[in-house]
Amino acid sequence: MRTKKDMIGSWLLEDNRHHLESLWKQADDIRRESTESAVHLRGLIEFSNECVRSCTYCGLRCQNRCLPRYRMTLPHIMACAEIAHAKGYGSVVLQSGEDQRVSAEWIGEIIRQIKDTYPLAVTLSVGERPVEDYRLWREKGADRYLLRFETSDDTLYRRLHPHDRSGLRRRIELLHVLRALGYEIGSGNIVGLPGQSFMSLAEDILIFSSLDLDMIGIGPYIPHPDTPLGREDIDFCQKDNRQVPNSDIMARKVLAITRLVCPEANIPVTTAFATANTNGYEIGLHTGANVIMPALTPPDYRKLYDIYPSPARKMEEGVHERIMTAIYAAGRKPGCGPGNRSRKSAVQ
Ligand code: SAH
């Protein structure tokens, strides 16, 4: 009997254009049956690019001394939340590098002020912090937490995070902790990391399913020239063909298969996905995605939130309009309200 892993593996290796058309269609059909047709918008506020970590792929890593650092003030952050509300978005995502100089209390105060002022859901994406911090933020009203595990291959994870003693296991444990605290939990991976095998990519997707994730972020690896991994001259087309390419089509396959395996999850068209594809938002919406996260970070800061090189980051003027156009072009409309994960199967 064909297992789920066989099904995932054969789609990941599929290159026939007609067969892939049927994959996109299946993903779109399942998305239509299992989630609302509206596209939920989450306003992304990248409030700090300070980071204590050394992730070898990420431009925010603390060893990247070329990058000027910033941390937004509370009134600045509230001004972004105001824009999210005014544009009709149902939630905001507060994201940063692992900035350990921002106190749990300060983040708690941002959450409290946003929740007291606007009917917005609040998602946090600030990395690994003590469990007490997660508990405090939940008490202040935070609704969701995003923490990607990046890759399920333990050896690769260690290579990518050389100074990280806690490792992949801790990251997965924290997702369980966050769920137990009552958060909706989100995770995800990067597609085409140097050294990533098809087997481990199939395993990533199985883990999305076994964690029963509420949100799943998928994007292609985009090399950053000021990182150790970005400087490595890696041949993405190794002869034994076991290296996963970081191509737009590969990320699209992972997005579609994830929709097949996790029908009810909220799956965004991530910025990395939109960066790697022309018409990325529209393509993502046709391939199983049901969420978009427009950046609301003021342009002067946004260009310094340099996780990976992105031409889009330098011309974020008009991103809202571009996203609205893509939503209507895909025959959909923007959603209202917080856009929680649907659980149709639970309501029997
Ligand atoms: N500090 C937070 C947020 C990290 S930035 C945390 O640790 O969760 C959000 C995501 O950007 C990361 O989880 C990673 O998946 C992605 N990312 C970072 N560098 C990237 C690169 N070079 N290419 C593609 N995605 C990248």
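Please read all numbers here as calculations on a predicted model, not as lab measurements. If you read the sequence from its start, that first residue is 1, and numbering goes on from there. Start at 1 and go down the list; that is how both ligands and their atoms are numbered.
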Participant: Regarding S166 and D164, is there a side-chain donor-to-acceptor distance under 3.5 Å anywhere?
Facilitator: yes
Participant: Is any N or O atom of Y221, backbone or side chain, closer than 3.5 Å to an N or O atom of ligand 1?
Facilitator: no
Participant: Is the closest heavy atom of R171 to ligand 1 under 4.0 Å?
Facilitator: yes
Participant: Would Y57 count as a polar contact of ligand 1, with the cut-off being nitrogen or oxygen pairs under 3.5 Å?
Facilitator: yes
Participant: Counting non-hydrogen protein atoms only, what is the nearest one to atom 24 (C) of ligand 1? Give residue, atom name and distance.
Facilitator: P220 O, 3.3 Å
Participant: If we only count N/O pairs under 3.5 Å, is V126 in contact with ligand 1?
Facilitator: no
Participant: Is there a heavy atom of G217 sitting under 4.0 angstrom from any atom of ligand 1?
Facilitator: no
Participant: Count the heavy atoms belonging to other residues, nucleotides or ligands that lie under 6.0 Å from CE of M324, then report whether that count exceeds 12.
Facilitator: yes
Participant: Give a yes-or-no answer on whether the side chains of R71 and N49 include a donor-acceptor pair shorter than 3.5 Å.
Facilitator: no
Participant: Work out whether the distance between some heavy atom of G97 and some atom of ligand 1 is less than 4.0 Å.
Facilitator: yes
Participant: Right, does atom 6 (C) of ligand 1 have protein non-hydrogen atoms nearer than 4.0 Å?
Facilitator: yes
Participant: Do me a favour and list the nearest non-hydrogen protein atom to atom 18 (C) of ligand 1 with residue, atom name and distance?
Facilitator: I307 CG2, 2.8 Å
Participant: Checking a contact table here: which protein heavy atom is nearest atom 12 (C) of ligand 1, and how many Å away?
Facilitator: E150 OE2, 3.4 Å
Participant: Between R343 and E264, is there a salt bridge with N-O shorter than 4.0 Å?
Facilitator: no
Participant: Which value, rounded to the nearest 0.5 Å, describes the distance between I110 atom CD1 and W137 atom CH2?
Facilitator: 9.5 Å
Participant: When you measure from atom 4 (C) of ligand 1 to each heavy atom in S96, C55, C51, C58, which option holds the nearest one?
Facilitator: S96
Participant: Taking all non-hydrogen atoms of both residues into account, name the closest pair between S48 and D99 and its distance.
Facilitator: OG-OD2, 2.7 Å
Participant: Looking at E46 and R302, does any basic side-chain N land under 4.0 Å from a carboxylate oxygen?
Facilitator: yes
Participant: Please work out whether any backbone atom (N, CA, C, O) or any side-chain heavy atom from C-beta onward of R148 is under 4.0 Å from ligand 1, and answer side chain, backbone, both or neither.
Facilitator: side chain
Participant: Using a distance-only test with no angle check, is there a side-chain donor-acceptor pair under 3.5 angstrom linking N290 and R259?
Facilitator: yes
Participant: Against heavy atoms of G127, which atoms of ligand 1 measure under 4.0 Å?
Facilitator: 2 (C), 6 (C), 7 (O), 8 (O)
Participant: Provide, to 0.1 Å, the distance between atom 23 (N) of ligand 1 and the closest protein heavy atom, together with that atom's residue and name.
Facilitator: I222 N, 3.0 Å
Participant: Would you please say whether a donor-acceptor pair under 3.5 Å links the side chains of H320 and Y89?
Facilitator: yes
Participant: Does NZ or CZ of R138 come closer than 6.0 Å to the centre of the six-membered ring of Y183, within 45° of the ring's axis?
Facilitator: yes
Participant: Counting only heavy atoms, tell me which of E46, R61, Q95 gets closest to atom 9 (C) of ligand 1.
Facilitator: Q95
